[in-house]
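Here the structure comes first, spelled out in structure tokens, and everything after it is commentary.
We number each residue from 1, following the sequence as shown.
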Amino acid sequence: MTGTNEIFNNPESYVNRELSWIEFNYRVLSEARDKSLPLFERLKFLSITASNLDEFYMVRVASLKDMVHAKYTKPDIAGLKPPEQLEEISERTHELVALQYSTYNRSLLPTLKQNGLRVVQVHEDLSEEEGSYADSYFERNVYPVLTPMAVDSSRPFPLVRNKSLNIAALLQKKSGEEELEFAMVQVPSVLPRIVELPAGKKEERVVILLEQIIERNIGSLFLNYNVISAHPFRIMRNADLTIDEEEAEDLLEEIQKQLKKRQWGEAIRLEVEEKMDKRLLKILKRELSISSVDIFEIAGPLDLTFLMKMYGMKGFDHLKAIPYIPQQVPRLMNEEDIFTNIREGDILLHHPYETFDPVVNFVKTAATDRSVLAIKQTLYRVSGNSPIIAALAEAADNGKQVSVLVELKARFDEENNINWAKKLEKAGCHVIYGLVGLKTHSKITLVVRREEDGIRRYVHLGTGNYNDSTAKLYTDLGLMTCNPQIGEDATAVFNMLSGYSEPLHWNKLVIAPIWLRARFLRLIRRETKNAENGKTAHIMAKMNSLCDKEIIAALYEASCAGVKTQLIVRGICSLKAGVPGLSENITVHSIVGNFLEHARIFYFENDNSPEIYMGSADWMPRNLDRRVEIMFPVEDEMLQEQILHVLKVQFQDNVKAHILKADGTYEKPDKRGKVLVNSQELFCEEAIQNVKAELGKSDPVGSRVFIPTESQG
């Protein structure tokens with residue numbers, strides 16, 4: 001076993017998490033490059049790669065730079081120290097950005113033009129009529145909003161906001177002085193970045209970006225100067241909040257302070273136009289204290305996230321995928337209320353194929369139901385106009401005991417959550433701001449109801465957030481139950497969150513950071529032992545990310561014992577698959593499609609007595625050790641069949657799946673001679689057919705909730 005342990009501890013047996021994330025963004029980019037997709041869907045995917053990269057730099061790269069500044073030299077599981085990671089990240093992201101813009105310039109722009117949308121790349125390409133319109137637009141709509149900023153002995157270099165788009169200029173006085181001066185202007189985010197121009201040709205639409213209109217007219221901002229050169233630039237700053245929660249007397253106040261600092265953190269990435277004047281670049285580099293490796297010279301418009309706005313342009317529906325409408329849940333297609341339906345048996349929800357409405361209605365109904373005594377819920381990310389928040393406020397107004405844990409540390413949702421927390425408090429809800437040192441990432445709602453036979457607890461547990469907006473885009477699963485043991489555990493969870501009282505025992509729920517890691521390891525090792533003893537052993541798991549060394553080592557051990565292990569990992573995967581003597585029994589699929597794969601499912605064969613769990617946690621150190629997470633069992637046999645169906649179909653996907661190879665790269669499956677299986681499309685079709693079947697059948701509602709299809713195998 002010593003030799004085996006050496007393999008498990010060898011850094012070469014693991015993949016660096018940051019480099020694995022970049023591989024994931026390449027998979028998203030491959031969707032933008034897929035010519036079989038509707039054109040505007042490709043724009044959307046390219047926009048997503050840009051926003052993904054922004055967040056990656058603001059958080060992950062920023063964190064590595066902090067480590068370098070602190071002289072932290074401990075290597076990661078792949079044996080790379082922070083400076084080495086930064087070097088490899090820089091190389092791979094420069095390659096990624098080059099491919100982004102090659103896709104945009106060589107593929108998307110010409111195809112857009114062929115389909116009646118001309119994007120003017122530079123203002124010099126405008127016709128006389130278009131230029132006249134652009135100048136008039138500038139005078140009427142843009143000029144009054146702009147604030148030109150010059151730099152001289154009395155005016156220091158301005159603070160440049162994180163992610164803001166700016167235009168830098170070199171100026172020379174018209175009086176004849178030879179000295180060049182620096183000035184800049186921020187492209188206002190309050191104005192639309194895409195400006196439509198009058199089209200010269202019939203059936204053609206023409207757009208230009210706002211920064212090009214400003215650059216064209218920048219001379220009017222500096223009337224006593226000649227503009228020698230002007231070019232857009234954009235910076236990314238360290239946005240990783242560092243909060244000493246032990247010292248912070250008021251967590252709410254401390255986070256509000258830190259949010260303001262986020263705009264002015266260390267500059268960690270500078271994007272400039274490829275042809276930027278070298279003198280301008282030198283000034284920016286010096287003033288922003290940025291190194292050459294963190295400068296990206298861009299062959300096109302900076303910040304491709306504007307493509308999501310272009311996706312929203314009207315008149316191009318024929319170039320977009322037909323929007324899918326989430327279907328009703330067959331078990332709930334009756335006149336009974338939600339509580340009656342849950343008492344009939346556990347209910348499985350599969351979003352966005354099935355509507356998120358039952359979750360919203362669960363809270364709404366509880367808010368007005370006279371028999372409901374209390375509602376308790378954890379909130380990590382919610383929508384901007386959340387009906388759940390409104391229902392919780394109404395419940396408090398109706399005199400019910402309402403306790404809400406609002407996680408203030410949910411990255412980039414901190415401000416939104418602070419606002420909701422204050423509103424809930426004003427409405428009379430008891431609001432908890434998370435636990436010191438831990439993020440509460442679990443998704444749980446508890447409704448306590450007085451009924452004829454006593455108090456009954458109804459619980460919703462999910463793999464995704466209580467966000468009615470993202471529930472239309474993220475694939476997640478949820479369970480509604482009134483199982484007394486789960487209800488008892490749910491009460492214990494909220495007592496622990498609000499009063500630090502951990503119960504002496506738990507019935508069904510498995511909680512991180514208390515003992516979720518230990519449970520996962522025990523389940524994996526049980527499969528290993530079964531395989532060693534000649535019993536049936538099989539692991540299937542689906543998650544967003546996998547980078548926990550202890551879990552990966554346990555999976556390697558299981559593979560070496562002969563356990564067939566099938567994983568669906570959307571994003572980061574630090575495990576190497578299919579390596580002889582290490583992981584030849586492990587396969588990893590990553591599905592990148594129209595919906596964001598977000599569900600967490602864990603299946604253990606257990607010698608022909610399968611156990612299936614779902615939950616909020618990925619196999620990452622942060623989820624297992626530094627967050628409050630919940631994993632819950634699915635014990636109803638019919639619901640187990642449905643979940644098994646989800647896993648099997650996704651493993652059969654040969655359209656949107658990417659398979660991890662032993663060398664760490666991903667490839668699409670060979671589809672030649674095979675029936676095409678797009679798991680997301682198939683689940684949409686099944687959800688529609690399930691509703692039709694429910695509407696058309698005469699036997700009691702709830703006798704069947706999904707229709708097997710040929711693709712089940």
Side-chain angles (χ1 to χ4, degrees), residues 243 245-246 248 250-252 255 363 366 372-382 388 392 395-396 400-410 417 420-421 424-425 429-449 455-466 478-522 600 613-618 620-633:
I243 297 164
E245 294 179 53
E246 296 284 358
D250 188 329
L251 186 61
L252 187 73
I255 288 177
V363 183
V372 168
L373 306 175
I375 305 171
K376 303 185 180 191
Q377 188 169 33
T378 59
L379 296 177
Y380 190 72
R381 298 188 198 278
V382 293
I388 286 178
L392 291 169
K400 303 187 189 308
Q401 185 77 22
V402 180
S403 301
V404 189
L405 187 143
V406 180
E407 182 47 75
L408 297 184
K409 302 183 291 290
N417 286 6
W420 284 130
L424 286 169
E425 280 188 331
C429 301
H430 177 58
V431 179
I432 312 158
Y433 295 138
L435 298 179
V436 173
L438 299 173
K439 277 188 184 180
T440 302
H441 189 245
S442 54
K443 330 298 182 182
I444 180 170
T445 305
L446 168 66
V447 172
V448 182
R449 195 167 185 264
I455 297 290
R456 194 187 303 268
R457 288 175 276 211
Y458 296 84
V459 182
H460 172 268
L461 294 152
T463 67
N465 298 309
Y466 288 111
L479 182 73
M480 290 179 149
T481 183
C482 58
N483 179 302
Q485 290 184 306
I486 288 180
E488 188 179 320
D489 283 352
T491 297
V493 166
F494 285 102
N495 287 346
M496 185 181 76
L497 292 173
S498 63
Y500 309 109
S501 66
E502 187 188 330
L504 296 174
H505 75 281
W506 297 83
N507 301 304
K508 300 283 186 182
L509 302 185
V510 191
I511 312 297
I514 304 170
W515 50 300
L516 181 57
R517 172 186 290 281
R519 172 63 71 89
F520 274 133
L521 290 170
R522 198 168 86 221
R600 288 92 168 187
Y613 299 89
M614 301 193 302
S616 55
D618 292 316
M620 302 179 78
R622 71 181 189 193
N623 295 97
L624 302 176
D625 302 328
R626 300 190 297 277
R627 290 186 173 189
V628 178
E629 306 274 10
I630 295 176
M631 181 173 78
F632 52 95

- Query: Which value, rounded to the nearest 0.5 Å, describes the distance between His430 atom NE2 and Phe494 atom CZ?
  - Reply: 11.5 Å

- What one should report as the nearest heavy-atom pair of Gln485 and Asn483 is N-OD1, 2.8 Å

- Rounded distance [0.5 Å steps], CZ in Arg517 versus CD in Glu629: 12.0 Å

- Message: Arg519: which residues meet the salt bridge (charged side-chain N to carboxylate O under 4.0 Å, His left out) condition with it, sequence neighbours left out?
- Response: none

- Please examine the side chains of Leu392 and Leu379, heavy atoms only from C-beta on, and report whether any two atoms are closer than 4.5 Å. yes

- Message: Can you confirm whether Lys376 sits close enough to Leu497 that some side-chain heavy atom of one is under 4.5 Å from a side-chain heavy atom of the other?
- Response: no

- Interatomic spacing from OG in Ser498 to CE in Met496 - rounded to 0.5 Å: 10.0 Å

- The residue among Leu461, Thr491, Asn507 that forms side chain to side chain contact (heavy atoms under 4.5 Å, CB included) with Ile486 is Leu461

- Do Thr445 side-chain atoms and His460 backbone N/O form a donor-acceptor pair below 3.5 Å? no

- Query: Quick one: does Trp515's side chain get under 4.5 Å of Val510's, heavy atoms only?
  - Reply: yes

- Which is it for His505 and Glu488 under the side-chain contact (heavy atoms from CB on, under 4.5 Å) test, yes or no, and what are the steps along the way? CA-CA 10 Å; His505 75 281; Glu488 188 179 320; 4.0 Å; yes

- Distance-minimising heavy-atom pair for Pro633 and Leu479: O-CD2, 4.1 Å

- Message: Restricting to non-hydrogen atoms, name the atom on Cys429 and the atom on Ala396 that form the minimum distance, rounded to 0.1 Å.
- Response: SG-CB, 3.7 Å

- Heavy atoms of Thr378 and Ser442 approach each other most closely as OG1-O, 2.8 Å

- Closest non-hydrogen atom pair, Val363 against Ile388: CG1-O, 4.3 Å

- Please examine the side chains of Leu516 and Ile511, heavy atoms only from C-beta on, and report whether any two atoms are closer than 4.5 Å. no

- Compare all side-chain heavy atoms of Arg457 with those of Val448 and state whether any distance is below 4.5 angstrom. yes

- Message: Under the criterion side-chain contact (heavy atoms from CB on, under 4.5 Å), I'd like the reasoning laid out for Lys443 against Tyr466: C-alpha separation, chi angles, the key distance, then a yes or no.
- Response: CA-CA 7 Å; Lys443 330 298 182 182; Tyr466 288 111; 4.2 Å; yes

- Heavy-atom side-chain proximity of Ile455 to Leu373 below 4.5 angstrom: yes

- Message: Are Phe632 and Asp489 packed together at the side-chain level, in the sense that at least one heavy-atom pair is separated by less than 4.5 angstrom?
- Response: no

- Item | Closest non-hydrogen atom pair, Val459 against Gly487 | CG2-CA, 3.9 Å

- Indicate yes or no for a side-chain donor-acceptor contact from Lys400 to the backbone of Val372 under 3.5 Å, with no hydrogens or angles considered. yes

- What pairs with Thr463 under side-chain hydrogen bond (donor to acceptor under 3.5 Å, both in side chains), at least two apart in sequence or on another chain? Asp476

- Message: How long is the straight-line distance from CG of Asn623 back to CG of Asp618, given to the nearest 0.5 Å?
- Response: 5.0 Å

